[in-house]
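Accompanying notes for the structure given below.
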Amino acid sequence: MNTIKFLLQKEFRQIFRNSTLLRSILLAPLIQLLVLPWAANYEVKNISFAVVDHDHSPYSQKLISKVSSSGYFKLVGYLNSYNEAYALIEQDKADVILEIPPHFERNLVRENQQKVFIAANAINGTKALMGSSYLNGIIAGFNNDVRAEWLLQSRYNAAPYIEVAPSNWFNPLMSYKVFMVPGILVLLVTMVGSMMCALNIVKEKEIGTIEQINVTPIRKVHFILGKLIPFWILGVIVFTLGMGIAWLVYGIVPQGSIFLLYGFLALYLLAVLGLGLLISTYSSTQQQAMSLSFFFIMIFNLMSGLFTPIESMPGWAQVIARLNPITYFIDVMRLVVLKGSGLHDIRYHMLIIFGFAVLLNTWAVLNYRKTS
Amino acid sequence: MGAVRLNHITKTYNNKSVVAVDDVSFEVQPGELFGLIGPDGAGKTSIFRMLTTLLLPDTGEATVDGYDIVKDYKMIRSRVGYMPGKFSLYQDLTVEENLRFFATVFDTTIEANYELIKDIYIQIEPFKERRAGKLSGGMKQKLALSCALIHKPTVLFLDEPTTGVDAVSRKEFWDMLKRLKMQGITVLVSTPYMDEATLCDRIALIQSGKILSIDTPRAIVNAYGEQIYALRASNMYRLLNDLRASEYVKSCYAFGEYLHTTLKQDNETTRNELMMQLRSRQHEQLEMKPTEAGIEDCFIKLLVQPV
């Protein structure tokens with residue numbers, strides 16, 4: 001016990017003395033938390049659209065003004081031929097073309113149907129997808145307006161049609177910040193836990209202090225605990241600061257139990273520190289440790305369900321996502337913070353993370369013995 | 001019983017393709033100042049790392065203070081002091097914090113063993129608030145020695161303690177080792193510097209993982225058995241070539257500002273004939289004098305004629 005105490009004392013002394021490290025552990029995550037959620041936003045605004053109007057009728061004018069007043073689209077060209085509009089796409093000035101055929105109004109009134117043409121620049125897939133689906137929605141709305149107008153005029157009974165009124169639960173305004181902040185916080189905690197911990201251990205190897213420690217009566221288990229505990233504490237501190245920012249800046253207050261969140265964090269940090277320890281046993285320089293942890297963190301980040309839903313990944317990618325501890329914590333964060341889930345709802349998450357913690361730490365300790 | 005005893009120790013690296021230590025056996029008596037002398041890559045550090053339980057030998061056995069280096073590694077770790085060749089203290093901790101840390105590791109305090117390190121520590125005490133990384137080379141060595149001594153070890157292993165240290169600090173360092181010896185601590189020291197060999201009680205000359213000779217420095221020098229002549233001229237390089245080409249000369253090596261030469265037949269006649277031969281080749285300021293053999297001469301001789 002005494003051994004652990006002075007190892008911790010030494011470790012904290014070194015961490016607090018290294019102002020660059022301290023800044024990158026505490027300050028950098030907070031700055032990222034303040035910046036990233038504003039940038040990581042799926043909502044597509046300012047889609048440039050060009051109109052090719054062959055009709056020049058009141059209806060076509062009405063449709064165009066409905067699109068431009070939706071707030072999502074910016075009219076960049078009002079043209080007479082598709083080729084002119086296509087040139088705008090080629091110059092990257094337009095994202096979507098809406099082509100209104102000749103006799104649009106006449107056919108709509110007389111034949112009750114008419115087609116419009118939408119062409120989207122799919123180089124930016126998200127923008128093209130969102131742009132054409134927004135445009136579809138607006139045209140469908142326009143269609144209903146027209147129908148309502150005519151049905152009213154003809155004094156027929158209203159034709160039955162289904163109106164869908166969506167309601168977004170747990171995030172009523174569909175704010176992406178509410179969705180992203182808890183997830184980004186998980187990434188930051190993961191970075192502190194795995195990368196910083198791995199680098200710290202490897203630094204002792206690189207400088208040679210581990211040799212000096214090894215010829216003393218300090219036991220390996222003490223040495224490892226002396227490394228894990230400080231970064232466990234730092235992880236909890238970073239998480240707390242992050243939750244503070246989520247509350248103060250983004251107004252996100254966990255719907256569920258805060259103790260449950262911290263309970264899961266405690267377990268999760270064990271798993272992540274195990275990963276850091278494992279990385280450290282496979283590297284002998286800080287450079288190696290850095291590139292190794294960068295490799296894992298990159299994959300874990302992108303395949304965690306933070307940016308893209310896991311359900312829409314191909315099967316093999318879903319398997320990787322399921323083998324990724326970050327996935328579970330992001331899920332738990334969203335469940336507990338946004339939905340207010342309880343212990344019962346996340347019991348499998350807990351079990352899996354506990355499994356990760358046991359597996360990674362055992363593997364690391366076994367490998368540590370072998371290589372030293 | 002020896003304080004350190006090695007019995008046919010062999011250590012290889014890279015799947016036995018590199019033999020670092022080749023069947024080495026020797027014994028160090030308690031309270032002895034024992035030197036491992038050899039060039040870089042001779043296997044000195046590997047021997048030290050095995051004796052300090054950082055490395056396992058392939059074959060053979062060794063004991064330190066009567067404890068087996070494989071089975072009783074825990075006992076050894078609490079009673080030896082090790083100072084690696086590379087400075088390996090915490091550079092971001094201060095002098096005092098480093099010393100206190102290592103004292104605590106061994107469950108003791110600076111105060112309890114202050115007497116032992118006093119002579120050394122007093123020289124760096126004015127800088128005790130300074131971070132270890134900011135010390136000069138000599139001061140780093142003194143701090144490392146203090147940290148290795150703070151738990152009053154019975155055996156002290158010093159791996160090339162004077163490499164990269166200035167001449168004055170080197171001399172001071174060896175004076176300190178002499179004082180430690182008087183305290184009854186067994187000291188094993190390795191060095192690539194032949195001139196430091198004479199400061200040891202006994203030395204082992206080591207090359208390519210093999211021990212060439214073990215004895216007191218005096219005995220090793222006495223065993224040289226031949227008279228060495230130191231020669232000098234204005235053009236040393238031409239002199240070296242001429243001497244090596246001469247039919248009278250057995251061996252000739254550059255040694256500081258002289259060439260150390262031995263003769264095939266050492267008598268008045270051959271000496272005079274050699275001098276005449278050299279003068280006929282227009283060597284200026286020619287000088288020849290008998291000199292005593294040094295450890296380096298012995299080392300070179302042992303290398304040329306393997307035992």
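In the text below, chain A, chain B and the rest are named by the order of the sequence lines, each starting its count at 1.
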B/Asp107 atom CG, neighbour heavy-atom count above 12 within 6.0 Å:
no
Which residue out of B/Lys86, B/Glu97, B/Lys74, B/His151 racks up the most heavy-atom pairs below 4.5 Å with chain A?
B/Glu97
Check the surroundings of atom CZ in A/Phe12: do more than 12 heavy atoms from other residues, nucleotides or ligands lie under 6.0 Å from it?
yes
Okay, B/Arg49 and chain A: the region with an atom under 4.5 Å from a heavy atom over there is side chain
Near A/Gln287 CD, under 6.0 Å, is it more than 12 heavy atoms from other residues, nucleotides or ligands?
no
Return the CD to CD distance between A/Gln14 and B/Gln91, rounded to the nearest 0.5 Å.
10.5 Å
A quick test of your reading: do over 12 heavy atoms of other residues, nucleotides or ligands sit less than 6.0 Å from CE of A/Met290?
no
Would you check if A/Ile218 and B/Phe106 make a side-chain contact, meaning some heavy-atom pair closer than 4.5 Å?
no
OG (B/Ser88) and CD1 (A/Ile213) are apart, to the nearest 0.5 Å, by 10.0 Å
Set out, in order, the CA-CA distance, both residues' side-chain angles and the distance that settles side-chain contact (heavy atoms from CB on, under 4.5 Å) for B/Phe102 and A/Gln212, then state yes or no.
CA-CA 9 Å; B/Phe102 283 99; A/Gln212 198 81 63; 3.5 Å; yes
The reported gap from CG in B/Leu89 to CD1 in A/Ile207 (rounded to nearest 0.5 angstrom) is 11.0 Å
Within-4.5 Å side-chain heavy-atom neighbours: B/Val105 and A/Pro217:
yes
Report yes if the side chains of A/Arg17 and B/Thr94 come closer than 4.5 Å at any heavy-atom pair, otherwise no.
yes
Does the pair A/Thr216 and B/Arg77 meet the rule for a side-chain contact (heavy atoms from CB on, under 4.5 Å), with working shown?
CA-CA 5 Å; A/Thr216 67; B/Arg77 285 180 186 184; over 6 Å; no
Measure from the side-chain N and O atoms of A/Gln9 to the backbone N and O of B/Phe101, and report whether any donor-acceptor pair falls under 3.5 Å.
no
Does the pair B/Asp92/A/Lys10 count as a salt bridge with the N-to-O cut at 4.0 Å?
no
When you check the side-chain N and O atoms of A/Glu204 and B/Tyr90, is any donor under 3.5 Å from an acceptor?
yes
Turns out that what part of B/Arg79 lies under 4.5 Å from chain A's heavy atoms comes down to neither
Side chain from CB out, backbone as N, CA, C, O: work out which of these in B/Phe87 comes under 4.5 Å of a heavy atom of chain A, or both, or neither.
backbone
Could you check whether atom OH of A/Tyr262 has more than 12 heavy atoms from other residues, nucleotides or ligands sitting under 6.0 Å from it?
yes
Are more than 12 heavy atoms from other residues, nucleotides or ligands located less than 6.0 Å from atom OH of B/Tyr193?
yes
Nearest heavy-atom contact between B/Leu54 and A/Asn214 is CD2-CB, 3.4 Å
Around A/Trp363, counting heavy atoms of other residues, nucleotides and ligands shown, do more than 12 lie under 6.0 Å from its CH2?
no
Is it the case that over 12 heavy atoms from other parts of the model lie below 6.0 angstrom from the NZ atom of B/Lys134?
no
